[in-house]
Amino acid sequence: MMRVYVDINRCIGCRSCEVACKRVHGGKGHVNVHISEDRASVPLFCHHCEEAACTMACYSGALTKDGERTSFSLDKCTGCGLCRLACPFGVVWTDKLAHKCDLCAPNETPTCVLTCPAQALSNDYELALKRARARAGRATILGGKR
Amino acid sequence: MSKSLVSTICPYCAAGCGFYVAVEKGRATGIEYMLEHPANEGSLCPKGNAALEVVYSEDRLLYPMKRNGNEWSRISWDEALKLVSKGLGRTIKNSGPDFAGFLSSSKCTNEENYLIQKLARSLGSRNVDNCARLCHAPSVVGLNRTLGAAGMTNPIPDLANSKCIFVIGSNLAENHAILSRWIHRAKDRGAQVIVADPRLTHTAWLADLFLQLKPGTDVALLNAMMKVIIDEDLVDKAFISKSTKGFEDLVKAVKDYTPEKAAEITGVPAKDIVKVARMYAKSPASAILYSMGITQHTSGTDNVQSVANLALITGQIGKEGTGVLPLRGHNNVQGACDMGALAEFYPGYRKSDDPETAKFFGQTWDTISLPVGRGLTATEMIDAACNGELKAMYIVGEDPANSDPWSSHVKDCLENLDFLVVQDIFMTATAQLADVVLPAASWAEKEGTYTSTERRVQWSNRALEPPGEAKSDLEIVCMVAKSMGLNFDYPDAASVLAEINRLVPTYKGITRERLGIGGLIWPCPSTDHPGTPILHSAGFKLQDGRALIAPVQYKPAAEDTGTEYPLILTTGRIAVHFNAGSMTRRSPSLMERAPNLFVEINPEDAAPLRINDGDSVEVTTERGTTTALARVTDSVKQGVVFMPFHYPGTNFLTTDARDAEAKIPEFKVAACNIVRRD
């Protein structure tokens, strides 16, 4: 289950999450904003999969499940790059050693969620559901428009 | 190790976001979000997130310097002050005070702006202005005339109460990113969003309806909307008769603007114009947001008046969720104008051509004869420098050599000056032309108040020591004033604010002690007044309390396309850079995201020119040629190309044709051609 939810309808492609993530992670960011056709944009980062392929590929035990979080221990990483190959979403990177979203542990709220000007990122599952329901209702009223 | 959090206000745009600078052992170690801030609720755009990179840039100016030919040499503050007082003093003595010009800075605090204009006027010069001239001068003129106050009528968080948000000529998603959260909140509550822009921007992504109009045709669109509203009887008759004047003139003025005719001029389908007019007029609370797309035209003042007219005839003003909301550019451009760093106004928008104004300030400033009359505007100062009517300039925190249109001409003009002193945090293109350069402190290294676009006056604290021998603009201006024999005895920003409290009625109650997180919104006429988030809720500050509906006619832009220059070049901004880029182009994490100047061109235009995405191209206007990388995209319409003005190349191309009243240059329309570089 992923802990930070993305609302593509709200993302304005400003890349604030990228810059903030990089700042708090010592110069290495774990978010990439993909802008599609100069219109829609979506921040891409670790989904913290329930059955995380990266943890299965990691033989050194650097990547493990820690509750909902897929945690990463820099000390154990050998830099082999298997996690990067295993990740189906392309959001684990290796730059000598692996790096990926750590949900800004031990902070309660990840930095990207706090900084997002448009509130496109949230770590509240209920909010994500509520917004989806509201959008469906709005689409019905407006006759199929988003 | 002890870590302290110092509350500051973001140095970039005018949204006025607050954040904390984390300081350990005198060094900034990070940014902490200010969740309790009323406008940004902790969030920051990419520029705000990278703000500390500028502070620690290795390009910072560390000590005063003077120029010998093409070489720079380090000098002491004493020598620098001597050179400045001699340079300015000689011009004033030999040619007269009006041969000296002062550019104040919308990056500086209110206190600093107040002192800079006081310095200029105390020396007898009328010529003081700031770069509001390049962004919202038409708002100052147009809104003062129609509504009686130049500022956003409603605060940013109030957008959440709106039911219809009409954004015209503003790419707020990139340039004032935190506004998008309030627009989303309004949408969550059922609001409809309309965006009118020549480009399909990230802001358009927020819209329910997007109108892609031709650059410079805003008046035609707005007049046609008003005609639909009048014809369909959607006007607010009670509001018009009680609170406005001039409606009959408007009815006559717009009678020829049928949606079909406007469609021909603007390129927006007639049915969309009708639809938008109905959406805006019928909604219980509609707000209009606008920005440079409205103001940076030869018809800038007309555009602003047209926006105000639309709000007035529908009564969409003075209540929650309504209003006319100009989004300003620099963190303190509102404050610089409030403080009278403008050619036509003394502090508090007292007219500079009124002898009473000079008398009023003369009594408190201990200067017997202050100059009366409008001075040269920022753009006119450049002209005057060229033809010898201005001989010395003192430029604080501005970079006209990059930010003014037709920059090659601007550089020639500045070089023509007898004496130029530039005070900045970096060696900008303008500073390179100076005789003396004074090193200033950045925002984190000084204290004072900033007034955001929503008229929110906020105190920003000093978190760090300035590097090297740099000093705050306040200290430097006081030193310069003293070296020229003036009595500028201000120990700190609070003492200047106290003087502002006495002299500017709207700031009277905004005292140092009252300024906590979120500050106060002017007008705040007394120390027990809570501030005024919504303007015009009880009439207008004009003759008999009525707003003026001031009709305007559509006028085409100064430059039109022809066979030699077949494309319209329009300019604007992107999310990761700010204005002329002297700060953001020195910020590594922003620069790596947008390192190169680009030009957006429609595939239909690119194909016959054999231009592919990513090709290096030459863009040429009558004024010069610039190279850029092509971005082939249908975000711009056929016939229109777009370039961001954060890189020095863009303003080589733009035109210095100006609005007759507000003197703003038409950055948004220039005729150009493009060829591939082979």
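In what follows, chains are A, B, ... by sequence order, proteins preceding strands, each numbered from 1.
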May I ask you to name which of [options] has the most heavy-atom pairs under 4.5 Å with chain A?
options                       : result
B/K47, B/E53, B/R185, B/E41   : B/R185
B/I31, B/T201, B/D188, B/L200 : B/I31
B/C17, B/A575, B/C45          : B/C45
B/G48, B/G30, B/S635, B/P588  : B/S635

Measure distances from B/R631 to the heavy atoms of chain A and classify the residue's part below 4.5 Å as side chain, backbone, both or neither.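 Answer is neither: B/R631 stays 4.5 Å or more from chain A.
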Where do B/A173 and A/C14 come nearest, in terms of heavy atoms and distance? O-CB, 4.3 Å
Mark yes when over 12 heavy atoms from residues, nucleotides or ligands other than A/K130 sit less than 6.0 Å from its NZ; otherwise mark no. no
Are there more than 12 heavy atoms of other residues, nucleotides or ligands under 6.0 Å from atom NZ of B/K163?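 Correct, the count exceeds 12.
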Non-hydrogen atoms of chain B under 4.5 Å away: do they reach the side chain of [X], the backbone, both or neither?
X      : answer
A/C116 : backbone
A/A134 : neither
A/A40  : both
A/C17  : neither

Residue selection (most heavy-atom pairs with chain B, distance under 4.5 Å) from A/E18, A/R131, A/R23: A/R23
For A/R10 and B/R181, indicate whether the former's side chain and the latter's backbone hold a donor-acceptor pair under 3.5 Å. no
I'd like to know if the side chain of A/T115 reaches the main chain of B/S43, judged simply by a donor and an acceptor atom lying under 3.5 Å from each other, with no hydrogens or angles considered.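 Not a single qualifying donor-acceptor pair exists.
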How long is the span from the CD1 atom in A/I12 to the NE2 atom in B/H184, to the nearest 0.5 Å? 7.0 Å
Rounded to the nearest 0.5 Å, what separates atom CH2 in B/W205 from atom SG in A/C11? 9.5 Å
How far apart are the C-alpha atoms of B/E174 and A/R15, what are their side-chain angles, what is the distance that settles it, and do they pass the salt bridge (charged side-chain N to carboxylate O under 4.0 Å, His left out) test? CA-CA 10 Å; B/E174 297 203 62; A/R15 306 172 84 184; over 6 Å; no
Sub-4.5 Å side-chain heavy-atom contact between A/V19 and B/R593: yes
